[in-house]
Amino acid sequence: MKELVPFTPYDHAEEILPVLSENGFSVSEEALKMLSDYENALLDVNRYMNLTAITEPHAVALKHFADSLTISRFIPENARVADVGSGAGFPALPLAICRPDLRVIAIDGTDKRVRFLRETVEKVGIRNAGAMTGRAEAVARDPSFREQFDVVTARAVARLNVLAELCLPLVKKGGYFLAMKSVLADEELKEAKKAIHVLGGRYIKEEKMKLTGNGETVERSVVVIEKILPTDPRYPRDYSAIDKKPL
Ligand code: SAM
């Protein structure tokens, strides 16, 4: 194995703070320090484990941190949140750091990413976040997780018609599924209308937004779906069935 040069962590506050402020997010000193420590852990481990293609510090601030925080305003106070397919922790960890009132669980099917998440939560001292290894469709059949969350989020995991079947069964009645999407959202939404209805959801709105930082602009959208009825126990199906024949 190739020898790695020792990683030198540094304080990323000067890159993170202007990007968050430019997009209307205010953060406490403590949260800023935690985001910086998280970034150091991400960049360090990313040298030998594939966690993210975004490594330039301003881009991390914009496309990982600010982007993760776009959904904060849709999340009620003290909510129990599950992030499906969290990967290296987006949006789960920035949300937990900036919203200490939430209880956040990051779910991912890849054990090595979950190990990174657990170590990072420990190292950074994120007291209101945890991580579990599991496929969402299996976790959602477990009664201790099924329909237990006020909010379920997902970014960059699957098309909306597939994602709805992975996420909506985890949402409790009256709670919300927040799908983080880029510019394709309109087309995906049309394709997912039936799945949302069959799974007990109701489409509320799609909010489009532009995030800016360091001269760059990215377009994003958040699809807000309310859970109005319990999900039929037939769902979620196995992943191969969901993927082959989305609802
Ligand atoms: N949400 C993160 C982000 O935006 O940076 C990670 C996105 S990454 C492209 C997709 C992640 O979803 C991977 O870590 C993968 O292991 C996970 N994943 C895909 N399908 C899943 C499923 N059915 N259940 C749990 N995790 C899943």
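Numbering starts at 1 and runs along the sequence shown. Order of listing sets the numbers, starting from 1, for every ligand and every atom in it. Heavy atoms only: backbone and side chains are in, while hydrogens, waters and symmetry mates are out.
- Here the heavy atom of the protein found nearest to atom 24 (N) of ligand 1 is A136 N, 2.8 Å.
- Below 3.5 Å of separation, one finds no N or O of V157 facing any N or O of ligand 1.
- Nearest protein neighbour of atom 6 (C) of ligand 1, counting heavy atoms only, is G85 O, 3.3 Å.
- Aromatic rings of F25 and F65 (six-membered ring for Trp) have centroids beyond the 6.0 Å cut-off, not under it.
- Using modelled atom types and a 3.5 Å distance limit, the side chains of T52 and N46 yield no donor-acceptor pair.
- Shortest contact from atom 4 (O) of ligand 1 to any protein heavy atom: R155 NE, 2.6 Å.
- The aromatic rings of H12 and Y10 lie tilted to each other, with the angle between the two planes from 30° to 60°.
- A heavy-atom separation below 4.0 Å is found between S86 and ligand 1.
- Judged by distance alone, the side chain of Q148 and the main-chain N or O of R146 form a donor-acceptor pair under 3.5 Å.
- Proximity of G134 to ligand 1 is established by a heavy-atom distance of less than 4.0 Å.
- Looking only at distances, no side-chain donor or acceptor of R99 sits under 3.5 Å from a matching main-chain atom of A79.
- Under the 4.0 Å criterion applied to side-chain N and carboxylate O atoms, D186 and K190 are not assigned as salt-bridge partners.
- Between F90 and ligand 1, a contact under 3.5 Å exists for at least one N or O pair.
- The backbone N or O of T231 sits less than 3.5 Å from a side-chain atom of E147, completing a donor-acceptor pair.
- The closest approach between any non-hydrogen atom of D108 and ligand 1 is below 4.0 Å.
- A centroid separation of 6.0 Å or more is found between the aromatic rings of Y48 and F7.
- With a heavy-atom cut-off of 4.0 Å, M180 does not touch ligand 1 at all.
- Numbered from 1 in the order shown, with element, the atoms of ligand 1 that lie under 4.0 Å from a heavy atom of A156 read 4 (O), 7 (C), 8 (S), 9 (C), 10 (C).
- Counted by atom type alone, S144 and D142 present one or more donor-acceptor pairs between their side chains at under 3.5 Å.
- Those atoms of ligand 1 with a heavy atom of G87 less than 4.0 angstrom away are 6 (C), 14 (O).
- Of the listed residues (K112, R113, R135), the one carrying the non-hydrogen atom nearest atom 21 (C) of ligand 1 is R135.
- Among protein heavy atoms, atom 26 (N) of ligand 1 sits closest to G109 N, 3.1 Å.
- Below 3.5 Å of separation, one finds no N or O of H64 facing any N or O of ligand 1.
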